[in-house]
Amino acid sequence: MANEKCEDKEVNNGSSISNSQKSVAEVTLITEKVKEPAATVDEVTELLSATSVSSSTGVFRQKTFKTSPLQIKGKVETQEERRKRALEEQKKRRRDLNTHARNLALFKPEDFSSEEELESDNESINNDFPIELTKPLKRSLDVDQDDNLLQEPTVVKKVKIKGKFREPRRKIKGSNPYRNQVMHAEWMQEIPSDLEKNWYVVLCPKGKRCLVISAKGKTVSRLRNGNVMNVFESVLPAGANSYKGNKTTDYCILDCIYDQTTFTYYVLDLMCWKGHPIYDCDTEFRFYWLNTKFTEIERPAANTSTYKFNPLKAHYCNQDKISFLIKNPHSFGYRPDGLLFFNKHTQYVLGDTPLCGWVGIEKVEEMFEDFIKQKKQ
Amino acid sequence: MLGIGELLANTLSEDQKIREDAQRQLEQAETNNYPMYAAMLCQELANEQSQQFIRSAAGIALKNSLTSSEASRRNEMVQRWLLVDEATRQQIKQTILSTLASPDTRAATTAAQVVSAIGAIELPQDNNQWPDLMKILLENVTSTDNSHLKIATLTAIGYICESIDPIILAPQSGAILTAVVSGAKKEEPNQDVRKAAVDALYNSLEFIRDNFEREGERNYIMQIVCEATQSSDVNVQVAAFECLVRIMQIYYDKMRFYMEKALFGLTVLGMKNDDERVALQAVEFWSTVCDEEIELANEALEASEVGETPDRLSHNFAKAALPEILPVLLWLLTKQDEDADEDDWNVSMAAGTCLSLLAQCVEDAIVAPVIPFVESHIRNADWRYREAAIMAFGSILEGPDHRLLANLVNQALPVLIDMMKDNSAQVKDTTAWTLGRVSDLLIECIKPDDHLQSLVSALVLGLRDSPRIVSNCCWALMSLSDQFGSRETPSPTYSLSPYFEGIISALMETTERSTNESNSRTSAYECISTLVQGAALDCFPTIQKLTVTILDRLDVTIQAANQIVGSDERLAHSELQSNLCNVLTSIIRKLKKEVIPFADRIMTTLLSLFTSATKHSTTLEDGFLAVGAITTAVEADFVRYLDAFAPFLYAALANHEEYALCSIAVGLIGDICRALQEASLPYCDTFMNMLLQMLQSPILNRNTKPAVLSCFGDIALAIGGKFEVYLEVVMMVLAQASTMRTAKDANYEMIDYVMALREGILEAYVGIVQGLKSGEKAELLLRYIEQIFGFLGMTWNDPDRSEIIVRSMIGLIGDLAEAFQNGQIKQWFGVEFVGAALKEGRTNRSLPNGTREVTRWAKEMVKLASQ
């Protein structure tokens with residue numbers, strides 16, 4: 001009877017190693033991988049031992065029970081992961097280099113949908129058309145002046161489409177790929193509770209909100225609806241024919257306010273610098289990058305000095321700073337239009353976003369009266 | 001020579017020399033005269049005078065000489081056995097069959113294994129070599145009163161059924177099933193026989209598939225198994241539950257009727273059984289149900305994605321049973337072992353596993369009934385209840401909708417964080433695991449402002465705890481880094497910045513322990529790597545300090561290299577060096593240009609690492625990866641190190657046996673060329689020679705070869721027009737590689753290989769065309785235009801072409817067009833596939849990133865080149 005007791009355990013012991021197979025035959029198959037062909041010490045002692053027998057199928061689940069993936073990851077697996085990662089990086093660098101060698105015009109928004117659009121887009125860049133700039137510009141940064149916005153370019157467009165049929169152009173207008181490519185603020189109705197902690201404020205000049213793209217030796221500014229406002233040479237990387245770096249890959253995309261009285265583009269935000277898109281970075285980083293990179297810009301030359309580029313300064317939203325901005329709105333050398341608030345953690349969102357708030361200069365005092373008072377107490 | 005019995009006894013000797021000596025003699029006997037060896041083992045197994053353990057050892061040795069898990073070896077063994085003369089074989093078989101009746105049950109069971117091993121060889125032969133085997137075995141079961149013989153025979157039948165193709169025994173399958181089932185019936189008075197019969201049934205479950213398809217037979221089998229769960233003998237009960245688990249696994253589709261009638265109730269009762277072995281099987285039954293239903297849910301999802309109906313449907317047993325089984329599982333969670341060393345699988349572990357499977361299976365439905373258990377016990381004075389509460393909570397984090405869990409996690413986090421200081425080791429262990437899971441699965445619930453500080457402090461504290469806790473804390477920290485950090489352009493600061501230095505130094509402290517138990521040290525180094533990869537700019541000072549410490553540690557390991565004795569120690573040493581190199585590589589990739597001040601020191605250390613490393617160690621691989629990262633950081637300045645490094649690179653390139661190292665070395669040539677550009681020219685002759693040798697090597701793993709081809713492109717791109725000297729031979733090699741095609745019935749591995757080869761060829765052509773064009777030597781390519789377009793056409797027309805291949809093809813077409821803008825090869829751009837490829841590149845949205853831009857450009861180039 002003692003023998004038979006051992007017998008049971010022997011079989012149980014077998015199943016403790018392999019779930020689906022219950023036979024001792026299979027267990028010995030596993031052990032014999034190590035040593036063949038004679039019976040091994042382990043095998044026989046295992047068979048003979050009457051102790052340390054655990055008793056069930058399901059034991060195979062123990063390996064993953066309450067363990068981190070790190071704990072069960074073997075050296076071979078991590079090694080393999082590292083190799084793969086290195087290989088990916090090499091492939092990427094090779095591709096970058098190949099792409100670099102090709103003169104690719106990469107600076108287009110992602111949402112092209114047909115060949116037709118691509119062509120229209122080339123055409124509008126390549127057309128050298130004069131821009132009507134003498135008209136006084138009423139536009140301020142307000143959100144709800146969209147109709148205003150749409151009126152503006154018609155002035156430009158008339159010139160642009162001279163001698164062409166209207167019909168096809170109109171079709172293109174609806175699907176202009178540059179349309180709505182800037183982040184647009186909502187009116188700030190009340191002060192966010194985390195204003196001091198999570199927001200930046202920028203004092204904006206009066207002017208035209210525009211998207212500026214420098215590439216292939218020229219600089220193009222576009223209104224919010226996508227239509228071209230101006231084409232010129234600038235100090236921006238790749239923005240002039242005299243640019244010494246790579247004019248194809250060093251393209252930049254900026255969000256600006258154009259003050260036509262001083263021929264100055266005030267840079268509000270930076271979406272892409274020298275071919276590196278940073279749309280998906282948070283505000284904090286984009287502003288940091290904007291200020292760092294602008295210090296690296298070349299000195300303006302004859303061909304690039306017509307239009308100036310000045311980065312706007314972003315401030316922390318503490319009470320002192322806000323009250324200073326309200327009291328001294330003219331101390332930055334431009335005509336103030338209002339305060340624009342950026343949530344520190346937002347990425348660059350195309351179109352409207354609640355993470356960017358606008359307060360017109362005329363309303364600022366009223367709105368922040370309590371905020372300033374409260375903090376003083 | 002000693003007798004076989006003594007030799008076998010000696011193989012179990014404590015004395016290593018005696019043991020090895022005996023083993024060698026046995027091996028010799030086996031090789032010199034197999035028939036005699038087999039006959040001797042057989043006699044020893046049958047020898048009733050011999051000691052039990054010697055008889056078993058003889059039987060196992062005999063069985064091991066007949067079967068192997070390795071297919072090729074098994075074939076050899078089969079042939080060897082069949083070549084044994086008829087008389088000896090007959091004698092062995094008869095002796096073995098009679099040993100089944102031995103009163104020594106161990107010898108008898110071993111004999112059963114041998115019977116099945118011989119049967120597995122002889123029964124499938126064209127003219128069945130053991131025609132009366134099954135007849136004899138069945139007679140043993142039905143017409144003997146010898147219970148020993150019955151047990152051994154049933155065992156033998158089970159093994160045979162398990163190891164043989166059912167078709168071979170199809171004519172006897174009815175009789176076999178009858179014999180087995182009759183032994184398992186409740187009328188069988190001997191419970192040991194009954195247990196042997198249930199075990200045999202378990203092993204036959206696949207074999208009797210046809211019988212199981214027939215309702216009448218199936219009902220009968222199920223009835224027998226269910227009755228066996230009620231046996232008075234607990235061993236029979238356990239065996240019967242094991243059978244049910246297996247039946248559920250194989251025949252889920254047929255179980256609906258039996259679940260309703262019996263299984264449901266039986267297994268819930270089984271889980272509450274006082275005998276843990278029974279309870280474990282009953283829990284396993286439900287884990288298996290969940291496994292099946294999770295799989296079925298996946299199949300249903302996949303089917304619906306392609307608009308089909310799934311082949312099999314879930315009966316949702318788990319959902320239906322939830323109200324019954326959940327309370328039992330939660331109760332079982334509190335039955336932990338006292339001892340914190342969780343070496344033995346026990347019922348509370350099984351219940352925890354089952355619960356997490358159940359959560360994945362029934363999803364949202366698990367949450368409401370589990371939460372009250374968690375809430376009422378998490379503060380219990382008894383650690384068992386606290387641990388069970390956390391275990392329950394941790395187990396349900398995967399499966400239910402995140403929106404449903406978010407609030408709960410939010411409430412639980414402060415409590416969990418606090419419990420990392422619990423005085424029970426088990427509670428802390430489970431808490432660490434749960435925090436790891438929260439960070440892994442529900443990272444969005446961790447709010448930087450609310451939780452991060454306390455969470456990080458708790459995890460850092462855990463880094464000083466047991467190895468298992470360390471590993472879980474590392475896991476959590478890595479998830480936090482992935483969530484809040486960025487591997488690409490670093491931001492000025494991020495949520496982990498305030499804690500970064502503290503975490504790193506705690507991890508560095510952890511890695512100083514001498515043990516790597518539970519992979520804790522490796523986990524900590526991996527965690528450091530991950531944190532470095534995600535770090536923000538304001539962490540750079542800490543990373544720079546870390547760089548120095550890591551280099552110091554590497555230096556220490558290098559000095560220790562020649563004091564190592566024993567293979568275990570060597571393995572541990574090499575793993576440690578790999579860990580350190582891995583951290584170093586992450587640092588270099590992160591710091592980019594800012595690593596330059598450290599470059600000299602890093603290269604010095606790496607070079608002495610390569611000097612001390614053995615030829616086969618993986619340390620070289622990891623060191624090379626660090627060198628690759630350095631090339632990218634220092635670019636052209638790498639030339640300073642190249643003379644010193646080149647010998648190691650060449651040695652690796654020539655070491656064709658170590659293909660992983662070889663591949664990395666090939667990649668490194670590419671890195672060096674990209675970094676040095678034309679300055680790599682003096683090394684290119686050697687590079688090219690070694691690469692060509694690799695392509696010809698019969699030893700080198702073929703998967704390295706595509707990388708070699710790409711590497712030609714890297715060299716061409718770096719040295720431009722100077723590539724002229726290699727052009728002819730490389731073009732010939734590429735033409736040869738292009739002839740590789742997949743056969744109609746090729747396996748996936750082969751298809752993958754040919755695809756990889758074509759990617760390599762394309763990358764080579766791209767590099768060569770771009771390189772020669774930049775060196776104003778494009779006209780040299782005119783001789784090869786037909787070859788290149790021939791390859792492109794063939795690749796395009798292969799239905800297996802990958803998306804990466806399409807993108808590369810379009811790029812190459814554009815490169816060729818750009819190189820020949822004066823219409824020199826314009827007739828080639830009119831070929832049909834060129835237009836088709838360009839169209840595909842514009843319209844197919846599933847193509848990889850950048851394809852549309854490349855296509856736009858290529859189209860423009862082709863237009864100009866075709867004028």
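Convention: sequence-line order gives letters A, B, ...; per-chain numbering from 1.
If you tally non-hydrogen atom pairs under 4.5 Å between each of B:S523, B:S491, B:P492 and chain A, the highest count goes to B:P492. For chain A, the option among B:T632, B:T493, B:I664 with the highest count of heavy-atom pairs below 4.5 Å is B:T632. Contacts with chain A were tallied for B:N582, B:T353, B:L625; B:N582 has the most, counting heavy-atom pairs under 4.5 Å. Of the listed residues (B:E621, B:M391, B:M478), the greatest number of heavy-atom pairs within a distance under 4.5 Å of chain A belongs to B:E621.
Within the 4.5 angstrom heavy-atom criterion, only side-chain atoms of B:L537, from C-beta onward, approach chain A. The part of B:D449 that comes within reach of chain A is its side chain, from C-beta onward, which places non-hydrogen atoms under 4.5 angstrom from that chain. Only the side chain of B:W433 comes within contact range of chain A, judged by heavy atoms closer than 4.5 Å. The part of B:E759 that comes within reach of chain A is its side chain, from C-beta onward, which places non-hydrogen atoms under 4.5 angstrom from that chain. Only the backbone of B:P490 comes within contact range of chain A, with heavy atoms under 4.5 Å apart. When heavy atoms are compared at a cutoff of 4.5 Å, A:T64 does not approach chain B at all. In this structure, the portion of B:R589 lying under 4.5 Å from any heavy atom of chain A is its side chain and not its backbone.
In this structure, CG on A:D282 lies 13.5 Å from OH on B:Y494, to the nearest 0.5 angstrom. A distance of 7.5 Å separates CG of B:L668 from CD of A:Q90, quoted to the nearest 0.5 Å. To the nearest 0.5 Å, the span separating OG on B:S395 from CZ on A:F65 amounts to 7.5 Å. Taking CG of A:L70 as the start and SG of B:C527 as the end, the distance is 8.0 Å to the nearest 0.5 Å. Here CD of A:E81 is found 7.0 Å from CD of B:E526. Values are rounded to the nearest 0.5 Å.
Across every non-hydrogen atom of B:N472 and A:T67, the tightest pair is OD1-C, 4.1 Å.
Taking the side chain as every heavy atom from C-beta outward, B:R437 and A:K66 never approach each other to under 4.5 Å. Using a 4.5 Å heavy-atom threshold, the side chains of A:Q62 and B:D344 count as separate.
Without hydrogens or angle criteria, A:R61 side chain to B:M349 main chain gives no donor-acceptor distance under 3.5 Å.
With sequence neighbours excluded, the residues forming a side-chain contact (heavy atoms from CB on, under 4.5 Å) with B:E575 are A:K75, B:N516, B:N519, B:T522, B:N579, listed by chain and number. Evaluation of the salt bridge (Lys or Arg N to Asp or Glu O under 4.0 Å) rule for A:R94 yields B:D714, B:E763 as partners, not counting sequence neighbours.
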